[in-house]
Asker: 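Dropping a structure here in structure tokens format, bear with me for questions.
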Amino acid sequence: MDLEHWYRCNLCGYMYTPQQVQALVQLLTSRSEGGELVLDDDATAGIPCRKKGCSGRLRPTDQLHRDPPR
């Protein structure tokens with residue numbers, strides 16, 4: 001999982017931060033029967049978009065995620 005880039009849904013275009021994607025993976029893992037989320041070589045192939053009514057999948061973008069200045 002790439003924790004340096006934004007993620008975008010391939011269907012609706014909604015953007016996710018790396019932290020949001022990490023939380024989604026943890027949520028899906030806790031909900032799976034074996035307690036383990038099985039993803040193929042493309043780690044984002046199994047992460048569905050959480051936007052209501054969307055059935056897309058998340059893909060990493062080329063945009064770097066940076067924490068906001070303090």
Side-chain angles (χ1 to χ4, degrees):
M1 174 181 295
D2 184 357
L3 294 177
E4 295 183 8
H5 293 87
W6 285 85
Y7 286 76
R8 180 185 301 273
C9 174
N10 65 352
L11 190 61
C12 72
Y14 190 81
M15 297 285 285
Y16 291 84
T17 66
Q19 292 80 12
Q20 288 174 311
V21 173
Q22 189 174 25
L24 283 174
V25 168
Q26 290 174 353
L27 177 67
L28 292 171
T29 301
S30 69
R31 289 184 177 177
S32 66
E33 286 190 23
E36 182 176 324
L37 181 64
V38 178
L39 300 175
D40 56 11
D41 291 337
D42 180 9
T44 60
I47 304 174
C49 179
R50 298 289 291 176
K51 191 172 179 184
K52 187 174 183 177
C54 182
S55 60
R57 301 289 180 188
L58 304 185
R59 302 278 181 229
T61 67
D62 293 335
Q63 298 173 341
L64 284 175
H65 178 264
R66 300 187 195 278
D67 289 328
R70 296 178 191 236

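Side chains are part of it too, since the values below use all heavy atoms of this structure and drop only hydrogens, waters and symmetry mates.
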Asker: If you define the side chain from C-beta out and look only at heavy atoms, does anything of Pro48 sit under 4.5 Å from Leu28?
Answerer: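 SC-SC contact between Pro48 and Leu28 confirmed.
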
Asker: Please report the interatomic distance OH(Tyr7) to CE(Met15), rounded to the nearest 0.5 Å.
Answerer: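 Reported value, rounded in 0.5 Å steps: 11.5 Å.
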
Asker: Look only at the side chain of Asn10 and the backbone of Gly56, and say whether a donor-acceptor pair between them is shorter than 3.5 Å.
Answerer: no

Asker: Between Arg50 and Leu27, what is the shortest heavy-atom contact and its length?
Answerer: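 Of all heavy-atom pairs spanning Arg50 and Leu27, the closest is NH2-CD2, 3.8 Å.
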
Asker: Residues in side-chain contact (heavy atoms from CB on, under 4.5 Å) with Gln20, at least two apart?
Answerer: Tyr16, Thr17

Asker: If I take atom CG from residue Leu24 and atom OG1 from residue Thr29, how far apart are they, to the nearest 0.5 angstrom?
Answerer: 10.5 Å

Asker: Do Cys9 and Lys51 come close enough that some side-chain heavy atom pair is under 4.5 Å?
Answerer: no

Asker: Do Leu58 and Tyr14 sit in the same hydrophobic cluster, where Ile, Leu, Val, Met, Phe, Trp and Tyr count as joined when their side-chain heavy atoms come under 4.5 Å apart?
Answerer: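 As far as the 4.5 Å side-chain criterion goes, Tyr14 and Leu58 are connected within one cluster.
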
Asker: Has Thr61 got a side-chain atom pairing as donor or acceptor with Arg8's backbone, closer than 3.5 angstrom?
Answerer: no

Asker: Step by step, work out the side-chain contact (heavy atoms from CB on, under 4.5 Å) result for Ser55 and Leu11.
Answerer: CA-CA 7 Å; Ser55 60; Leu11 190 61; 3.7 Å; yes

